[in-house]
> 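A single structure is presented below for examination.
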Amino acid sequence: MTLKEIAEMLNAEVCVGEERLSEEVSTAFASDLMSDVLTLKDTPILVTGLCNVQTIRTCDMAGLDVVIIVRNKKPSEEMLELAEENDMMVMASPFSLFKACGILYAAGMKPLY
Amino acid sequence: MHQEYTVIEGDFVNAGKASSSVKKTLKQLNVSPQIVKRVVVALYEAEVNAIAHAYGGTVSVDIEADKITMVVADKGPGIPDIALAMQEGYSTARPEVRDMGFGAGMGLPNMQKNVDKLNVTSEVGVGTTVEMEVNFA
């Protein structure tokens, strides 16, 4: 499915990276634990409740470039600047981590493991 | 090519600056993306460790034609039992480190997985030095 479809399903605001909305994706990972994110095989998407600069930095290092922040948390300017600098996309959804993952899974997104 | 960075205790906002800069350099040198990822994940883990556990330190990086050598040396409490610290899940991280999404006890084991050579030396009350090497081919 496309990132645009994901944004619509999750009622998410696209904070940076709008130019990537037509990209197709098929797998995602969800965690608040950045230590865990650093052990992943390649996947583009992280769904997370952790909303700080390290979320973006960790994803950049681990090669994930779409970050979906849940629970109505607003990414800071610093986070968005860092994301933009590294050609990443950041979305913010009002849904809980559980609900967001449930919706994506039901729509056919595949888990990594 | 030699690069050096300073790491400051508790400075999570800047955690990853060295890794980020190394990532850019390696990309410019056309090192393969898989190798770049292994290098920066390992270096980032070491950087976060120095910020989370120690009183700051230095990151030195040497890039040669066929490999990269990274040395993260901190001034800190040291590690009394390195074998224990290498075990997955063992952690002494403070709550504020966990709040940043780290401190799961996966850092040293993950460095081991990503590098070709890892050497950890430590003296209690003085500090810890992590030396890592990744071959480009």
Side-chain angles (χ1 to χ4, degrees), chain A residues 16 23 27-71 73-88 90 92 97 100-101 112-113, chain B residues 7 10-24 26-27 31-49 51-53 59 70 85 87-93 96-115:
Chain A
V16 289
E23 276 178 37
T27 58
F29 188 77
S31 182
D32 289 349
L33 190 59
M34 295 302 105
S35 304
D36 222 2
V37 174
L38 284 171
T39 65
L40 297 183
K41 291 184 297 193
D42 287 347
T43 185
I45 297 185
L46 177 70
V47 191
T48 185
L50 189 76
C51 185
N52 61 38
V53 173
Q54 288 320 309
T55 312
I56 306 296
R57 187 77 79 185
T58 302
C59 286
D60 182 30
M61 292 305 122
L64 292 87
D65 57 7
V66 179
V67 184
I68 303 173
I69 312 260
V70 294
R71 290 275 285 156
K73 293 174 188 168
K74 296 277 170 270
S76 66
E77 276 304 309
E78 207 178 359
M79 286 170 70
L80 297 179
E81 268 168 37
L82 187 61
E84 234 174 351
E85 224 174 84
N86 293 293
D87 303 319
M88 295 163 74
V90 178
L97 186 60
C101 291
L112 259 194
Y113 300 103
Chain B
V7 176
D11 184 17
F12 279 103
V13 174
N14 287 310
K17 281 226 164 140
S19 320
S20 192
S21 153
V22 167
K23 183 179 175 179
K24 286 189 186 108
L26 293 182
K27 267 185 163 175
V31 176
S32 86
Q34 289 90 340
I35 294 197
V36 175
K37 182 176 168 180
R38 285 172 49 210
V39 168
V40 299
V41 163
L43 183 57
Y44 182 53
E45 293 272 21
E47 243 187 292
V48 168
N49 269 355
I51 290 167
H53 295 286
V59 177
M70 301 166 278
Q87 277 179 24
E88 257 180 52
Y90 178 80
S91 175
T92 58
E96 54 266 48
V97 176
R98 293 174 198 262
D99 286 347
M100 298 295 295
F102 297 99
M106 289 154 82
L108 280 169
N110 200 28
M111 286 176 225
Q112 179 101 71
K113 276 179 208 148
N114 280 289
V115 301

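Just so it is clear, the values below take in all heavy atoms, side chains as well, and ignore hydrogens, waters and symmetry mates. Order of the sequence lines fixes the chain letters, A, B, ..., with proteins taken first and strands second; residue numbering starts at 1 for each chain.
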> With respect to Met61(A), which candidate in Val40(B), Val48(B), Val36(B) satisfies the side-chain contact (heavy atoms from CB on, under 4.5 Å) definition?
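Among Val40(B), Val48(B), Val36(B), the one meeting side-chain contact (heavy atoms from CB on, under 4.5 Å) with Met61(A) is Val40(B).
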
> Do Lys17(B) and Arg57(A) make a side-chain contact, defined as non-hydrogen atoms from C-beta onward lying under 4.5 Å apart?
yes

> Please identify, among Leu33(A), Asp32(A), Val53(A), the residue contributing the most non-hydrogen atom pairs under 4.5 Å to chain B.
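Top count of heavy-atom pairs under 4.5 Å with chain B: Leu33(A).
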
> Do Phe102(B) and Thr58(A) make a side-chain contact, defined as non-hydrogen atoms from C-beta onward lying under 4.5 Å apart?
yes

> Quick check for you: among Leu43(B), Asn114(B), Val41(B), which has the greatest number of heavy-atom pairs under 4.5 Å with chain A?
Val41(B)

> Is the side chain of Gln54(A) donor-acceptor paired with the backbone N or O of Gly101(B) at a distance under 3.5 Å, no angle test?
no

> Between Asp60(A) and chain B, which part of the residue has a heavy atom less than 4.5 Å away: side chain, backbone, both or neither?
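Both backbone and side chain of Asp60(A) come within 4.5 Å of chain B.
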
> So with a 6.0 Å cut-off around CZ of Arg98(B), is the heavy-atom count from everything else above 12?
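Yes, enclosed.
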
> Hey, does Met106(B) have a side-chain heavy atom less than 4.5 Å from the side chain of Leu38(A)?
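Leu38(A) does not reach Met106(B) side chain to side chain.
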
> Please examine the side chains of Lys37(B) and Asp42(A), heavy atoms only from C-beta on, and report whether any two atoms are closer than 4.5 Å.
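Answer yes - side chains close enough.
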
> Name the region of Tyr44(B), side chain, backbone, both or neither, that has any atom closer than 4.5 Å to a heavy atom of chain A.
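The side chain, not the backbone.
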
> If I compare all heavy atoms of Val13(B) with all of Glu78(A), which pair ends up nearest, and what's the gap?
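Nearest pair, atom of Val13(B) first, then Glu78(A): CG1-OE2, 3.2 Å.
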
> Heavy atoms, side chains only, cut-off 4.5 Å: are Leu50(A) and Met100(B) in contact?
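Counting from C-beta outward, Leu50(A) and Met100(B) never come under 4.5 Å.
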
